[in-house]
Amino acid sequence: MNPHPHPERASGPHKYPFLKQDFAASLVVFLVALPLCVGVAVASGVPAELGLITGIVGGVVTGLMRGSSLQVSGPAAGLTVLVFEAVQEFGLAALGAIVLAAGLLQLLMGALRLGRWFRAISVSVVEGMLAGIGLVIIAGQLYAAAGMSAPVSGLDKLTGLPGALVEALGDTTALASLAVGAGTVAVLALWRHAPAKARAVPGALAAVLLATLVTLVLDLSVATVEIQGLLDSVQPPGLDALGGLATPAILGTVLAFTLIASAESLFSAAAVDRLHDGPRTRYDQELMAQGAGNAVCGALGALPMTAVIVRSSANVQAGAKTKASRVLHGVWLLLFAALLPGALALIPIPALAGVLVHAGWKLIPFRQLGALWREHRGEALILVVTAVSIVAVNMFEGVLIGLALSVAKTAWEASHLKLEIIDKGAGPVQAYLSGNATFLRLPKILDSLEALPQDRPVELDLSGLHHLDHACRTALENWAERHSAAGTEPVRMTAQ
């Protein structure tokens, strides 16, 4: 039996009984987080240091708070597309204000105990959101891997790929850049087959290190990360940026950041809870922890954060027992950014693009989609429509379309209705309605009732209905009044 069922509550001489395990786990999480922090920042169109700042805040600020003990937060691939769109439309100066507002909104929702309600969001919508994000990330990073500028919209990114490939094939510099990116993806895909000792190094870090080494040894002409220095990258939002929050377009972006970051974090928390037998996530407190982290990130002008399943699962698998591991991983990120910033300038951008392409591929739920199609085609359709909408329109509207479809499907299923007709050839025709009669089923009900013979008496039994809304009741009464032909007994209705 575990002598410390709640490790973080231990006290006395055994106050830090798991420090050794947490210290080792923090190093693993740091090595996983480092290339992802930089890669997400570059893909979002912001300085690389802003990704590191968000990783540091996710460790040191969010990591110290209650909620989910083993979940690790930082910049996430899932918000890359939304951040890129926001920076392109409103400018980098507005990013801090947007993230700050989203963080304060998360704090408010946590205080109002709304965290648990995010579990009511359809899993198909969330998986469709991640799939759409994955597709846009892959398409956009393929341009970055070739050293090209990607089109702005998701649809243009996809449709422009054939032309970009033809252009790259005629350019030796682009081909060299593509080769570095492709090599990075190959290392990531094959790393799980590497010897056990080699796998002690996280795949993303190994791939980036190898790509950097190859680029230096072969003196390849590929773009590398531009660095400004950690303090120089901090840009607190000014009064103009804060005043712009009142505009409808920016307000919509704040809501999108809040909705997507919160949903992704709390779904990640549920997944992490299944990986360990320690304390369960307290959803409202976790939402407040995420809000506090995003508020700090916004005040520093950094990227938004979410809980990240890749880092969180690495934390659990590395043997972490308390939140000390995630706090320490933030400390290691801070030390790296402060002491070795020049190392970032050696990293080839196509290598980071390869890391993001691999991350985007993992966001697309291929296996789940197949199983969903066989068992719940409606949910599979919601997943696909959400993903396609995000690619074709944008992130926020795509998620809203998915949520609307999910609500419509639930309403349709909730209005399950059965109409049974019994006609013995003589006497009255008997019609039995059972289930839930709502306006959604009204056309089908009326079509069936209007097909009944008008020269025969009809008995309509409504006693089997659990629910009969006003629209259905009125329509049935109107049908009963006009149905019977002259000389035929009026329709007789048995009350609900």
Side-chain angles (χ1 to χ4, degrees), residues 7-8 16-41 51-64 67-77 184 187-212 265 268-269 271-279 293 305-340 343-344 347 351-352 354-356 358-359 362:
E8 292 168 23
Y16 303 109
F18 302 106
L19 185 59
K20 182 178 179 181
Q21 294 99 311
D22 289 334
F23 182 86
S26 72
L27 291 173
V28 173
V29 179
F30 159 68
L31 295 174
V32 171
L34 180 60
L36 289 173
C37 287
V38 178
V40 168
L52 289 172
I53 291 171
T54 299
I56 293 164
V57 173
V60 177
V61 177
T62 304
L64 282 170
S68 178
S69 298
L70 301 182
Q71 182 161 256
V72 183
S73 300
T184 304
V187 171
L188 283 165
L190 298 173
W191 194 247
R192 59 193 178 96
H193 300 296
K197 290 184 178 180
R199 291 201 306 273
V201 179
L205 183 68
V208 171
L209 287 175
L210 286 171
T212 303
S265 294
S268 172
V272 173
D273 278 351
R274 292 195 291 269
L275 298 177
H276 67 91
D277 56 3
M305 75 165 60
T306 71
V308 188
I309 190 63
V310 175
R311 271 161 260 186
S312 302
S313 59
N315 190 37
V316 174
Q317 291 164 8
K321 299 296 181 184
T322 75
K323 61 187 178 186
S325 62
R326 61 187 192 181
V327 175
L328 284 172
H329 117 275
V331 173
W332 308 145
L333 285 173
L334 176 60
L335 290 174
F336 176 87
L339 302 177
L340 298 170
L344 295 176
I347 300 175
L352 295 176
V355 170
L356 269 295
H358 186 259
K362 290 169 69 175

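Under the rule for a side-chain hydrogen bond (donor to acceptor under 3.5 Å, both in side chains), T184 has no partner lying at least two apart in sequence or in another chain. S26 is linked by a side-chain hydrogen bond (donor to acceptor under 3.5 Å, both in side chains) to W332, counting only residues two or more places apart in sequence or in another chain.
A314 and V32 make their closest contact through CB-CG2, 4.2 Å (heavy atoms, listed as atom of the first residue, atom of the second, distance). In terms of heavy atoms, Q71 sits closest to A307 at CD-CB, 3.1 Å. Scanning both residues, L70 and K321, for their nearest heavy atoms gives CD2-C, 3.7 Å. Between P35 and L352, the closest heavy-atom pair is O-CD2, 3.9 Å. Between A211 and A351 the shortest heavy-atom distance is CB-CB, 3.5 Å. The two atoms that bring L356 and V40 nearest to each other are CD2-N, 4.0 Å, heavy atoms only.
A donor-acceptor pair under 3.5 Å is formed between the side chain of K323 and the backbone N or O of L64. A donor-acceptor contact shorter than 3.5 Å links the side chain of R326 to the backbone of G63.
The structure places CG of L340 at 10.0 Å from CG of L34, a figure rounded to the nearest 0.5 Å. Interatomic distance, CG of L333 versus CG of L328, reported as 11.0 Å (0.5 Å rounding). M305 contributes atom CE, which lies 4.0 Å from atom OG1 of T62 (distance to the nearest 0.5 angstrom). Here the CZ atom belonging to F30 is positioned 8.0 Å from the CG atom belonging to L205, to the nearest 0.5 angstrom.
The side-chain contact (heavy atoms from CB on, under 4.5 Å) test with H329 is passed by exactly one of N315, L334, I56, V72: V72. Checking each of V316, D22, V28 against S325 for a side-chain contact (heavy atoms from CB on, under 4.5 Å) leaves exactly one that passes, namely D22.
Residues L344 and L52 have side chains in contact (heavy-atom distance under 4.5 Å, counting atoms from C-beta outward).
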Please list every donor-acceptor pair under 3.5 Å in which a side-chain atom of residues 187-200 meets a protein atom from a residue at least two apart or in another chain.
{"residue": "W191", "atom": "NE1", "partner": "V201", "partner atom": "O", "Å": "2.9"}
{"residue": "R199", "atom": "NH1", "partner": "A194", "partner atom": "O", "Å": "2.4"}

